[in-house]
Participant: 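Pasting a structure here, questions to come.
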Amino acid sequence: MYDVAVIPGDGIGNEVVEAVEPLLVDVADAHGVSIETTWFDWGSQRYLDEGALMPDDGLDRLEDFDAILLGAVGHPDVPDHVTLRGLRLPITKGFQQHVCKRPAYLFEGVRSPLRGYEGGDIDFVVYRQNTEGEYADVGGREHRGFDNEVAVQASVFTREGTEKLLRPAFEAASERSGHLTNVTKSNAQAHGMVFWDDMVAEVSEDYPDVEVERLLVDAASMDMVRRPDEFDVLVASNLFGDILTDIGGGVMGSLGLAPSTNIDPDGTYPSMFEPVHGSAFDIMGEGIANPLGTVLSASLMFEHLGEDAVAEALWAGVAEQLADADAPRTADIGGSARTVAVTDDLRDRLV
Ligand code: GGG
């Protein structure tokens, strides 16, 4: 039996998680796997009501779970840096989730905005450093309102944090095509990112079967829309990985389909799984959000827990549904179905 903490968070995070959670429980059960979920109503509404997105002992309350399922964070009445630093970042950093693995896959039946790509043509995975880099909370702001007002935001790259991201990425590249793209901006960022390049070179010595391509992030962004089929495994810093994976969501047809994992590679703490998309307040409450990014994230959660049959069933169910022109689909991928119609259809296919 697995204990899963469920944090729907903000906006459409609530709608997709509420639709997907019962499906997961049923699909797992159909494969003889039992999961028990505990819900936490943490997020921006809690911040507006009580002054904090999560309680002071939030990490203690999550620590003994086997995994965490997160919806989304972000609220129009709360500054974005408050929401991100109040919930998602304390969890990723507090639980040493160095590895943010985000696959981008063009499913059969989904139209990429890029012409000429069919299902299966785009299939890459971005490994984003998830605990430091540009998201290190180092800096300050002084002399507010004066002419000499100043803001400093430092990036932090450590040997441990970088290596803990790179090794799983090299492992994945070794198991996949043997090709890894290292994305930096080390011509302009001569300290942290040159250190990152040096770490890539050092770790690559243990993976002689992996060919490393080096791209600057501007060129990588262009190539992701020009030749996305040529990428396989990419490694990038926290900020660059965040940006590149939104491009990934775009080229796979919708950010609403894109899954994400936040992994503690040492397995000391629970890992966290969430769709890449945010809280999308513009469509909140309409019941039309795409739940498939959350279903695919849950598939990756079961894979992480070692429950491959459940993981494969969920992934295959999504692939089958998307390939079926008569199946319900949400507006972001060309349909008009409601969130629950999509999860109900998946249940019919899988349970
Ligand atoms: N479900 C992911 C989510 O809510 N993302 C909101 C966001 O702003 N994330 C920033 C980041 O991933 O760095």
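Both ligands and their constituent atoms are indexed starting at 1 by order of listing. Along the sequence shown, residues are numbered consecutively beginning with 1.
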Participant: When you check ligand 1 against the protein, what N or O pairs turn up below 3.5 Å? List the atom names and distances, or just say none.
Facilitator:
unit_1: ligand 1; atom_1: 1 (N); unit_2: Gly71; atom_2: O; d: 2.9
unit_1: ligand 1; atom_1: 1 (N); unit_2: Glu274; atom_2: OE1; d: 3.1
unit_1: ligand 1; atom_1: 1 (N); unit_2: Pro275; atom_2: O; d: 2.7
unit_1: ligand 1; atom_1: 1 (N); unit_2: His277; atom_2: O; d: 2.8
unit_1: ligand 1; atom_1: 4 (O); unit_2: Val73; atom_2: N; d: 2.9
unit_1: ligand 1; atom_1: 12 (O); unit_2: Arg128; atom_2: NH1; d: 3.2
unit_1: ligand 1; atom_1: 13 (O); unit_2: Arg128; atom_2: NH2; d: 2.7
unit_1: ligand 1; atom_1: 13 (O); unit_2: Tyr135; atom_2: OH; d: 2.7
unit_1: ligand 1; atom_1: 13 (O); unit_2: Asp242; atom_2: OD2; d: 3.4

Participant: Flag yes if Leu48 and Phe40 sit in one hydrophobic cluster, no otherwise; membership is Ile, Leu, Val, Met, Phe, Trp, Tyr, and two members link when side-chain heavy atoms are under 4.5 Å apart.
Facilitator: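 Leu48 and Phe40: one cluster.
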
Participant: Taking all atoms of both residues into account, what is the closest heavy-atom pair of Arg329 and Val342, and its distance?
Facilitator: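 Of all heavy-atom pairs spanning Arg329 and Val342, the closest is CA-CG2, 4.3 Å.
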
Participant: Honestly curious: do Tyr117 and Val126 fall in one hydrophobic cluster under the side-chain, below-4.5 Å linking rule?
Facilitator: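 The answer is yes; both residues are in one hydrophobic cluster.
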
Participant: Would Val20 and Ile12 show up in the same hydrophobic cluster when neighbours are defined by side-chain heavy atoms closer than 4.5 Å?
Facilitator: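 In one cluster: no.
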
Participant: May I ask you to check whether Trp315 and Phe302 place their ring centers less than 6.0 Å from one another?
Facilitator: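 They do not qualify: ring centres at least 6.0 Å apart.
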
Participant: Please say whether the positively charged group of Arg144, taken as NZ for Lys or CZ for Arg, lies over the ring of Phe146, i.e. under 6.0 angstrom from the six-membered ring centre and within 45 degrees of the axis.
Facilitator: no

